[in-house]
Amino acid sequence: MASPSFTVKAFSALSDEATIKLMGEEFSNELAYLQKANTTPEVQKHSTPNDNFTTPSKQLYQEDFVEVNRTLIGILALKWILADDHQSFIQSQPPPVALKRESFTEFRNLCLEQFKDFEEGTGDVFPLLVAIVINDLGKSIGFTDEVEEKLSRQMENANHDEIVYIAAEQGMVPCLQRLDKKVRDDVLLGLKLGATFNIAQFAQAENVPGSLKGAEVMVGHKDAFSLKFLEILFDVAGASANLDARGAKTMIEPVFRNYMMVHKVLIDVVDKKGTYRQNYDHLLEAHG
């Protein structure tokens, strides 16, 4: 059963400020790691157009941290979706390419399908919050150092999903222990997918067809795939928070439509429909 604060109904009713405060309380350790995440000098620049605007990171820590803002805007994007707040979601998007209302509704329905009993508002949002928060822990210097020290191995060749996956298997991601075993296994499977298959690159048709073999880890695990795909969508939604932490700046109409094409192709892989080549060609055809 969902904690009272994390039912769809309760979570979607929170104000933005209350949502950020709650995340600061529930994920204090994880957000502390994200303050020490590796970022390029270009990404470190913050240029929020509104001088009077307080970013989520500043609300919690009186200072801007790139990955903290990205993570918390991703979480606010989830809250806006569940609250059916289209305007907040698109507030920083250029009007010509802003996410259309009908696409926003499609996104919302995709989310609601993930939560059992969503019609009564009792579905549990917490597993998706955990997946979103831990997604970029592998970018944290402090977190990676701790994993390397405990396992006596170097992680320089591992991507950040792989680092978190390895750490989670060793019980080094405490918030995962707050999930039921079935849901925890789903989150771990999502991390395993991220360690072997880059969905963002696939969305740009930058992979070769054979790379789809990495997605086969999700065959027979549709719930785990749905959870992972939503995590990726909200990661994209928060990706430009270092430039403008108002709204889901990156999740514009063309980006969302592209990811929906990817979703269809990967569902076919999960359902074992078609060959790698056929599924990859479907994506190329959609790209035109």
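Only a predicted model underlies this, so the values are computations on that prediction, with no experimental measurement involved.
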Determine whether the side chains of Thr55 and Asp64 contain a donor N or O and an acceptor N or O closer than 3.5 Å. yes
For His221 and Asp186, test the side chains for any donor-to-acceptor distance below 3.5 angstrom and give the result as yes or no.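 No, Asp186 and His221 have no side-chain donor paired with an acceptor closer than 3.5 Å.
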Do [X] and [Y] have side-chain heavy atoms sitting under 4.5 Å apart?
{"X": "Met251", "Y": "Phe89", "value": "yes"}
{"X": "Arg101", "Y": "Thr105", "value": "yes"}
{"X": "Tyr33", "Y": "Val173", "value": "no"}
{"X": "Met23", "Y": "Leu72", "value": "yes"}
{"X": "Asp136", "Y": "Arg70", "value": "no"}
{"X": "Leu128", "Y": "Gln114", "value": "no"}
{"X": "Leu110", "Y": "Leu233", "value": "yes"}
{"X": "Leu189", "Y": "Phe225", "value": "no"}

Spell out, yes or no, whether Leu227 and Val219 are grouped together once hydrophobic residues are joined by side-chain heavy atoms under 4.5 Å, including indirect joins.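 No, no single cluster joins them.
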Can Ile141 be reached from Val164 by stepping across I, L, V, M, F, W or Y side chains whose heavy atoms are under 4.5 Å apart? no
Under 3.5 Å, is there a donor-acceptor pair between the side chain of [X] and the main chain of [Y]?
{"X": "Asn69", "Y": "Ser57", "value": "yes"}
{"X": "Thr144", "Y": "Gly138", "value": "yes"}
{"X": "Gln91", "Y": "Ser88", "value": "yes"}
{"X": "Asp124", "Y": "Phe126", "value": "yes"}
{"X": "Glu253", "Y": "Ser103", "value": "no"}
{"X": "Thr71", "Y": "Val133", "value": "no"}
{"X": "Arg184", "Y": "Leu179", "value": "yes"}
{"X": "Gln177", "Y": "Gly171", "value": "no"}

When you check the gap from the basic side-chain N to the acidic O, do [X] and [Y] get nearer than 4.0 Å?
{"X": "Asp271", "Y": "Lys222", "answer": "yes"}
{"X": "Lys228", "Y": "Asp161", "answer": "yes"}
{"X": "Lys21", "Y": "Glu17", "answer": "no"}
{"X": "Glu106", "Y": "Arg257", "answer": "yes"}

Give me the atom names and distance for the closest heavy-atom approach of [X] to [Y].
{"X": "Ile20", "Y": "Leu76", "answer": "CD1-CD1, 4.0 Å"}
{"X": "Glu67", "Y": "Leu34", "answer": "CB-O, 3.8 Å"}
{"X": "Glu30", "Y": "Pro174", "answer": "OE2-CD, 4.5 Å"}

Answer with yes or no after comparing the ring centroid distance for Phe234 and Phe107 against a 6.0 Å cut-off, counting only values under it. yes
